[in-house]
Amino acid sequence: MTELLGLIAILLFGAGYWQLRRQSEFAQAWLARYCRQQSFQLLSVYRYRFKWQRGRLLTQFRFEFSHDGLQHNEGVLWLHHLTVLNVDLPILRETDSPML
């Protein structure tokens, strides 16, 4: 009986880890496509936290991007399983052009 419980615990741990990796890979690919469409340069993506809301487990990813190659900005992506719920971006400022 103990061996069975140990095996079930290992299977549950493996399934949870696999789901986290799958969600991270989805977020990376989705943000790469999103940044390409917005003409941003994606710098990095990382899982920030989990949040329990209305009976669902939400995952927050933070991503760093540049819109002009000089400034560094951070956005937020919320996922539920493999569904994008929201993307928050800061207000982007234009840099002063040295040519003017």
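The structure presented is a predicted model; accordingly, all values stated were derived computationally and were not measured.
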Please answer whether the main-chain N or O of Gln23 pairs with a side-chain N or O of Arg47 as donor and acceptor at a distance below 3.5 Å.
-> no

Please tell me if the side chains of Leu89 and Phe63 come closer than 4.5 Å, counting only heavy atoms from C-beta onward.
-> yes

Enumerate the residue pairs fulfilling salt bridge (Lys or Arg N to Asp or Glu O under 4.0 Å) with a member in residues 78-91, sequence neighbours excluded, ordered by first and then second residue.
-> none

To the nearest 0.5 Å, tell me how far His67 NE2 sits from Ser39 OG.
-> 11.5 Å

Working to the nearest 0.5 Å, report the span between CG of Leu5 and CD1 of Ile10.
-> 11.5 Å

Is there a path of hydrophobic side-chain contacts, each under 4.5 Å between heavy atoms of I, L, V, M, F, W or Y residues, that connects Tyr34 with Trp78?
-> no

Give a yes or no on whether the backbone of Gln71 and the side-chain of Ser66 come within a donor-acceptor separation of less than 3.5 Å.
-> yes

Indicate, with yes or no, if Leu77 and Tyr46 share a hydrophobic cluster defined by side-chain heavy-atom contacts under 4.5 Å among Ile, Leu, Val, Met, Phe, Trp and Tyr.
-> no

Rounded to the nearest 0.5 Å, the CG atom of Leu85 sits from the CG atom of Leu79 at a distance of 7.0 Å

Any idea how Tyr17 and Phe13 line up, ring-wise: parallel (<30°), tilted (30 to 60°), or perpendicular (>60°)?
-> parallel

Rounded to the nearest 0.5 Å, what separation is found between the CZ atom of Arg33 and the CG atom of Leu42?
-> 12.5 Å

Greater than 12 external heavy atoms within 6.0 Å of His80's NE2 = yes

Go through the structure and list residues passing ring pair (Phe, Tyr, Trp, His ring centres under 6.0 Å) with Phe61, not counting sequence neighbours.
-> none

Common cluster, Leu31/Val84, ILVMFWY with side-chain heavy-atom separation under 4.5 Å | yes

Flag if over 12 foreign heavy atoms under 6.0 Å of OH, Tyr48 = no

Are Val76 and Phe40 joined in one hydrophobic group, where the rule is that I, L, V, M, F, W and Y side chains link up if heavy atoms are under 4.5 Å apart?
-> no

At what distance, to the nearest 0.5 angstrom, does CG of Leu58 lie from CD of Gln53?
-> 5.0 Å

So do the side chains of Leu92 and Phe65 get within less than 4.5 Å of each other, counting heavy atoms only?
-> yes

Using salt bridge (Lys or Arg N to Asp or Glu O under 4.0 Å) as the criterion, list what pairs up with Glu74, not counting sequence neighbours.
-> Arg62

Smallest heavy-atom separation, Pro90 atom then Gly75 atom, equals CD-CA, 4.5 Å

Going from CG on Asn73 to CD1 on Ile91, what distance comes out if it is rounded to the nearest 0.5 angstrom?
-> 11.0 Å

